[in-house]
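FYI, side chains are in, hydrogens and waters are out, and symmetry mates aren't considered; it's all heavy atoms of this structure. In each ligand, atom 1 is the first atom listed, and ligand 1 is the first ligand listed. Sequence positions, counted from 1, serve as the residue numbers for this chain.
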Amino acid sequence: MSRFRDPPDPLFKRMNDSIGFDWRLAPYDVDQSRAHASALATLGVLDAEELEQIVSGLDSIAGELEREEFRIEPVDEDVHMAIERRLTEIAGPVGGKLHTGRSRNDQVATDVSMFVRAHSLTAIELIGELMGRLLELAERHRDWPMPGYTHLQRAQPIYLGHHLLAHFWMLRRDSERFRAALAAAGELPLGSGALAGVNWELDREAIAASLGFERLASNSLDAVSNRDFVLDYLYAAAVCGTHLSRLGQEIVLWSSQEFGFCEVADAFSSGSSIMPQKKNPDAAELLRAKAPRISSRLGSLLGSLHALPLGYSKDMQEDKEALFDAADTIQLCLAAAAGMLGGIEFDREALTAAAADEFPAATDVADMLVRRGVPFREAHGIVASIVRRALAEGRKLSDLGDEELEGLPPELGDEYRRLLEGQGWIDSKVSGPGTSAVRLAEQLEAATEALRELEA
Ligand code: ARG
């Protein structure tokens with residue numbers, strides 16, 4: 001029996017049904033239902049035999065899902081109704097008792113929390129693997145000089161190991177953001193019912209313990225309205241995707257003939273259908289391009305939740321495609337980035353040649369003056385005019401004779417040339433987060449420790 005006289009219009013059904021995508025929640029829905037059934041049995045709503053019938057029916061469904069034999073029927077509006085329908089087919093009318101003390105509103109909030117928890121952990125694991133790749137590469141290229149850039153103009157040379165570790169630390173912050181999403185999704189909504197709570201004093205502690213939730217939601221209305229944890233996951237994924245896009249962009253630039261700093265392995269590149277000589281860094285390009293797709297999912301869910309009155313509204317069903325697509329995309333990007341970095345080859349000669357330029361030493365020359373008491377701003381001006389002269393005459397800084405070093409105290413001429421010849425301006429960056437070999441060695445140790453912590 002139903003309150004309705006007329007069947008749903010096919011257009012409404014198409015718009016309203018979520019089974020086309022929320023089938024992905026099925027394993028969580030089954031686990032949740034096992035825990036809920038036990039709580040109902042504790043209350044005496046199900047007797048031992050009924051519990052056994054329901055649990056074994058749910059086990060059969062889990063098996064069908066695993067073997068991809070679970071059939072979705074046209075009547076199934078969403079995953080929750082599909083599973084209850086199938087349970088009733090397998091176990092008989094007792095299946096209809098499972099929905100006691102539960103609404104699809106707290107049920108879906110619980111399933112989605114479980115999905116977010118599982119996928120936060122997967123993301124953290126994938127991030128760890130990628131960080132491992134970066135650390136390996138950084139170790140191997142710890143003393144390879146390369147130019148560091150600002151405005152994509154050569155600025156100051158650094159070690160390639162230092163550059164690679166910059167990406168490592170970005171990813172570590174990403175893993176912390178996914179940890180935050182994991183924690184945010186750790187509150188059990190079940191027991192909230194449609195919005196007001198239910199007429200049964202379910203043992204929520206027991207349900208939480210069996211499903212791995214850390215805490216119990218305190219307010220039923222909040223619990224059914226809450227999708228913060230989805231936003232937290234999407235934010236973590238959006239930032240992580242954005243980080244990967246910056247890595248991708250650098251690989252795209254570096255593997256161009258213009259830079260010639262690296263070559264991506266064949267397995268992560270493609271050729272051209274018309275130009276036989278081409279090798280394109282497609283994986284890196286796609287890392288670049290997928291990021292906005294993830295961040296737009298965050299934007300769209302924020303939009304769906306904007307100004308939504310508390311209590312469930314169908315708007316909230318829109319959380320799922322945003323979440324699923326973001327999860328698939330970030331997981332693929334993280335794994336592909338690790339794969340791509342696994343086979344990347346750097347060109348020591350090209351990197352060293354690009355870093356050999358003397359002009360980046362300008363800051364070191366200015367600091368030489370500062371050590372003699374010249375205010376930095378003034379020293380900057382003196383060196384700028386020396387640089388201007390060298391550039392205008394097409395000469396190297398070290399080629400200028402004492403009399404051409406305008407503004408530089410004459411007794412500093414020798415030290416000036418020694419400084420330039422020593423090419424020590426990478427190892428002069430001795431401040432804590434600097435690129436010098438000593439600091440980089442410490443940084444590599446800290447990174448190793450950070451990775452160990454992450455994997456613990
Ligand atoms: N399919 C729905 C969703 O994904 C489940 C909750 C339905 N609740 C309701 N009151 N109609 O959001």
* Asked: Does the distance from a Lys or Arg side-chain N to an Asp or Glu carboxylate O, for Arg173 and Glu176, drop under 4.0 Å?
  -> no

* Asked: Does Arg348 pair with Asp143 as a salt bridge, N-O distance under 4.0 Å?
  -> yes

* Structure fact -> Asn105 heavy atoms within 4.0 Å reach ligand 1 at atoms 8 (N), 9 (C), 10 (N)

* How are the rings of Phe346 and Trp254 set relative to one another: parallel (under 30°), tilted (30 to 60°) or perpendicular (over 60°)? -> perpendicular

* Asked: Which part of Lys320 is near ligand 1, with near meaning a heavy atom under 4.0 Å away: side chain, backbone, both or neither?
  -> side chain

* Asked: Taking all atoms of both residues into account, what is the closest heavy-atom pair of Arg246 and His167, and its distance?
  -> C-CE1, 4.2 Å

* Run the numbers for me: atoms of ligand 1, each under 4.0 Å from some heavy atom of Ser18, listed by number. => 1 (N)

* Asked: What protein heavy atom is closest to atom 11 (N) of ligand 1, reported as residue, atom name and distance in Å?
  -> Arg104 NH2, 3.6 Å

* Closest approach of any protein heavy atom to atom 12 (O) of ligand 1, naming residue and atom -> Tyr312 OH, 2.4 Å

* **Pairs touching residues 311-343 that satisfy ring-ring contact (aromatic ring centres under 6.0 Å, His included), sequence neighbours left out** => Phe115-Phe324

* Write out the residue and atom name of the closest protein heavy atom to atom 2 (C) of ligand 1, then the distance separating them to 0.1 Å. => Gln317 OE1, 3.2 Å

* Nitrogen or oxygen of His80 less than 3.5 angstrom from that of ligand 1 -> no

* Asp106, Asp78, Val79: member with heavy atom nearest to atom 5 (C) of ligand 1 -> Asp78

* State which residue, out of Arg104, Lys320, Lys13, fulfils the salt bridge (charged side-chain N to carboxylate O under 4.0 Å, His left out) condition with Asp78. => Arg104

